[in-house]
Amino acid sequence: MFPFPLGKDALEAVAAQYGTPFYLYDEKAIRANMRRFTQAFSRFPAFREHFAVKACPNPYMLKLLADEGCGTDCSSLPELVLSERAGIRGERVMFTSNETPAAEYRYAAKLGAIINLDDISHIDFVEQALGAVPELVCFRYNPGPLKTGNAFIGKPEEAKYGLTREQIFAAYADARKRGAKRFGLHTMVASNELHEEDRKDGV
């Protein structure tokens, strides 16, 4: 057992014991950070963070975060399987994907995951794949020129995913007609942004 932060001698001892390369995580710090993050949203009792599995597809990490109340955000079948094997199911899983095979939507539905659609044409595809539009459906909104991007994610209006403002209203109305009763809204317009002062432009 080595105390964090690790100095040169401790790192060399870990490398000698386990070999390289290796990943080394500070469980205590991860748990503390997750608790602080959740506390920041404590005024919303139903709040749950959905960790992007693609950021670290490590089953031990997923179990650790699940233990702290975290769900997962998945974009592929392997990520859905990782979530399931980590004991994360139901609405603790969000499935956000594009160019998605019907079988993957069916697997997400089997888990009870929240299915997050990022193109208005996906309503037809999901209905055909599942036999019905899910009772709970979420759409990904692309604000286009109303929001600036950054060097990592580019400009929202040039992104391959998301519904425009006009499409969002049409999509919810269409899904409701097809049997959806509960609705979510998702958007992603920045990634790896380190300058909070630059993110104050509104959607």
Side-chain angles (χ1 to χ4, degrees), residues 34 37-55 62-63 65-144 146-147 156 159-191 202-203:
M34 191 65 241
F37 187 83
T38 302
Q39 179 61 32
F41 292 89
S42 59
R43 67 168 56 195
F44 305 105
F47 170 80
R48 176 183 293 116
E49 168 68 4
H50 288 256
F51 177 75
V53 177
K54 67 168 70 84
L62 299 182
K63 290 178 181 179
L65 291 170
D67 192 43
E68 295 298 332
C70 215
T72 54
D73 179 47
C74 303
S75 61
S76 65
L77 179 59
E79 293 175 12
L80 288 170
V81 172
L82 278 171
S83 294
E84 183 181 27
R85 293 188 179 180
I88 306 169
R89 300 175 61 96
E91 292 179 17
R92 294 173 65 200
V93 178
M94 177 170 273
F95 185 55
T96 306
S97 181
N98 55 53
E99 298 295 331
T100 307
E104 295 193 13
Y105 279 124
R106 287 193 285 269
Y107 199 96
K110 183 190 80 167
L111 291 183
I114 301 169
I115 292 179
N116 186 29
L117 304 178
D118 67 8
D119 189 284
I120 194 167
S121 67
H122 292 178
I123 302 172
D124 284 334
F125 188 77
V126 166
E127 185 175 42
Q128 293 169 11
L130 305 182
V133 169
E135 181 176 302
L136 169 59
V137 65
C138 187
F139 291 103
R140 177 146 62 171
Y141 169 56
N142 185 332
L146 297 177
K147 191 80 172 174
K160 65 182 178 181
Y161 51 74
L163 285 75
T164 65
R165 179 181 174 84
E166 294 75 19
Q167 288 175 332
I168 276 283
F169 288 103
Y172 282 118
D174 188 13
R176 185 176 183 180
K177 286 179 183 177
R178 301 188 196 210
K181 297 178 182 178
R182 300 166 59 210
F183 304 91
L185 178 64
H186 174 275
T187 191
M188 184 181 75
V189 292
S191 181
V203 172

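For Glu84, the salt bridge (Lys or Arg N to Asp or Glu O under 4.0 Å) partners are Arg89, not counting sequence neighbours. The side-chain hydrogen bond (donor to acceptor under 3.5 Å, both in side chains) search around Glu135 returns none, not counting sequence neighbours. Residues that satisfy the ring-ring contact (aromatic ring centres under 6.0 Å, His included) test with Tyr172, not counting sequence neighbours, are Phe139, Phe183. Under the side-chain hydrogen bond (donor to acceptor under 3.5 Å, both in side chains) criterion, Thr96 pairs with Asp73, Asn116, sequence neighbours left out. By the side chain to side chain contact (heavy atoms under 4.5 Å, CB included) test, Lys54 is found to be paired with Ala52, Ser75, Glu79, residues two or more places apart in sequence or in another chain being considered. Scanning for salt bridge (Lys or Arg N to Asp or Glu O under 4.0 Å) contacts around Arg176 gives an empty result, with sequence neighbours left out. For Ala132, there are no side chain to side chain contact (heavy atoms under 4.5 Å, CB included) partners two or more places apart in sequence or in a different chain. Looking at residues two or more places apart in sequence or on another chain, you find a side-chain hydrogen bond (donor to acceptor under 3.5 Å, both in side chains) between Arg182 and Glu91. Considering only residues two or more places apart in sequence or on other chains, Phe41 meets the side chain to side chain contact (heavy atoms under 4.5 Å, CB included) condition with Phe37, Phe44, Phe47.
Applying the salt bridge (Lys or Arg N to Asp or Glu O under 4.0 Å) test to residues at least two apart or on different chains, none of the pairs has a partner in residues 92-107. Among residues at least two apart or in separate chains, ring pair (Phe, Tyr, Trp, His ring centres under 6.0 Å) pairs with a member in residues 68-107 are Phe95-Tyr105. Judged as a side-chain hydrogen bond (donor to acceptor under 3.5 Å, both in side chains), the pairs with a partner in residues 123-134 (not counting sequence neighbours) are, in order, Asp124-Arg178, Glu127-Arg178.
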